[in-house]
Amino acid sequence: MVQSNTGTGGFEVVVDDNIPKDNIPKYSGIGTILLIMEDDTAQRRTLENIAIERLTRFPSISLCVASDTAQAIKHLENYRMFSPHAWLNAILDYNFSDVGAGGDKKPADALFYSDAFRHYVDNPGSVAVIYSGSYVSQAQQSQVISEAIFRCPRFALFFAQKAKVAADDVMKFMVIIARPENILKLKTAAERFNYDL
């Protein structure tokens, strides 16, 4: 069960037993959202544990963990309702082959068609890292992802292969560097290094 931080009793928004109760995102009054979207259970837990450790120094960042694209969209719809002006940082696996029965196997570029995700990418802004295994080249060829890079002045995108970039380094980047005040430098750096983190 996910609740927003809207007052005395909270507000029930989404029922989701896949998200641990000790990591309930609070949707209201958020300055920055850190979305982790990963289907592999072990990898998701690793990223989540690193994030929890790093975010103890940044209590204003709301951690949101999703195991597939549909789940991530549900959370983003709730954030858009209660924190429409939040900044979004997203660590996105690309291919969802390990999603269990009933899960959404659409790749990460399906997020870019979602009104909730596009809301944050368009304005107020966002930084995303496609953090994937052998599917980085497929993500780089996605037309909807390429269009977002060029269409949105406050959106920076990077690609990183799990075998080459440590999860801790991705998390440091997302928590410390990927901030609204750095967006122009990040967009320039992304282009200069061919979007390679």
Side-chain angles (χ1 to χ4, degrees), residues 4 25-38 44 47-48 50-51 54-55 58-94 96 106-132 136 139-140 142-160 165 167 169-197:
S4 71
K26 296 181 176 18
Y27 299 116
S28 180
I30 302 303
T32 300
I33 303 160
L34 175 58
L35 170 65
I36 297 171
M37 189 172 77
E38 170 63 59
R44 187 172 60 250
L47 286 165
E48 184 178 4
I50 294 168
R54 292 212 164 270
L55 293 180
F58 300 94
S60 63
I61 298 176
S62 177
L63 177 61
C64 178
V65 178
S67 60
D68 64 35
T69 306
Q71 194 178 76
I73 290 170
K74 284 181 188 177
H75 287 302
L76 290 172
E77 287 170 349
N78 292 328
Y79 279 112
R80 183 175 60 163
M81 185 183 310
F82 295 105
S83 296
H85 304 294
W87 178 264
L88 174 66
N89 285 340
I91 301 171
L92 310 172
D93 188 16
Y94 184 75
F96 287 86
K106 292 178 187 169
D109 54 4
L111 264 183
F112 288 79
Y113 292 100
S114 154
D115 288 340
F117 185 75
R118 287 176 69 130
H119 164 80
Y120 288 105
V121 167
D122 291 341
N123 188 33
S126 177
V127 174
V129 174
I130 305 283
Y131 188 51
S132 194
V136 168
Q140 289 169 326
S142 168
Q143 185 175 346
V144 70
I145 292 175
S146 297
E147 286 173 359
I149 294 169
F150 297 106
R151 187 188 80 243
C152 306
R154 294 187 53 78
F155 174 62
L157 178 77
F158 295 87
F159 297 97
V165 182
D169 290 337
V170 173
M171 199 60 67
K172 276 186 213 171
F173 172 76
M174 294 307 269
V175 173
I176 298 169
I177 298 168
R179 297 172 174 255
E181 62 270 19
N182 295 333
I183 191 63
L184 296 178
K185 290 178 185 175
L186 289 170
K187 281 186 74 72
T188 302
E191 190 173 334
R192 184 182 309 137
F193 295 106
N194 198 27
Y195 306 96
D196 188 359
L197 187 65

Is [X] reaching over with its side chain to a backbone N or O of [Y], donor-acceptor style, under 3.5 angstrom?
| X | Y | result |
| --- | --- | --- |
| D68 | A70 | yes |
| N123 | H119 | no |
| S126 | V121 | no |
| N89 | A178 | yes |
| K187 | R154 | no |
| H85 | P124 | no |
| S83 | G29 | yes |
| Y195 | A160 | no |

Spacing of [atom1] belonging to [X] relative to [atom2] belonging to [Y], to within rounding of 0.5 Å:
| X | Y | atom1 | atom2 | value |
| --- | --- | --- | --- | --- |
| L88 | C64 | CG | SG | 9.0 Å |
| F159 | N194 | CZ | CG | 9.0 Å |
| L111 | R118 | CG | CZ | 12.0 Å |
| D109 | I130 | CG | CD1 | 8.0 Å |
| T188 | N182 | OG1 | CG | 11.5 Å |
| Y113 | I73 | OH | CD1 | 12.0 Å |

Decide side chain to side chain contact (heavy atoms under 4.5 Å, CB included) for V129 and L157; before the verdict, give the C-alpha distance in whole Å, the side-chain angles of both, and the deciding distance to 0.1 Å. CA-CA 6 Å; V129 174; L157 178 77; over 6 Å; no
For F82 and Y27, take the angle between the two ring planes, folded into 0 to 90°, and tell me which bin it lands in: parallel under 30, tilted 30 to 60, perpendicular over 60.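 F82 and Y27: parallel rings.
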Quick check, are the ring centers of Y79 and Y120 under 6.0 angstrom apart?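 No.
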Are [X] and [Y] side-chain neighbours, meaning at least one heavy-atom pair lies under 4.5 Å?
| X | Y | result |
| --- | --- | --- |
| L197 | V170 | yes |
| M37 | I91 | no |
| L47 | M171 | yes |
| V127 | F173 | yes |

Heavy-atom pair with the smallest gap, counting every atom of [X] and [Y]:
| X | Y | answer |
| --- | --- | --- |
| Q71 | A66 | OE1-CA, 2.9 Å |
| M174 | L34 | CB-CD1, 4.1 Å |
| R54 | I176 | NH1-CD1, 4.5 Å |
| A167 | Y131 | N-OH, 3.1 Å |
| F158 | L186 | CZ-O, 3.5 Å |
| A86 | I30 | CB-O, 3.4 Å |

Assess whether side chain to side chain contact (heavy atoms under 4.5 Å, CB included) is satisfied between R80 and D115, documenting all intermediate values. CA-CA 10 Å; R80 183 175 60 163; D115 288 340; 3.7 Å; yes
In this structure, are over 12 heavy atoms from other groups packed under 6.0 Å from E147 atom CD?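 Enclosed.
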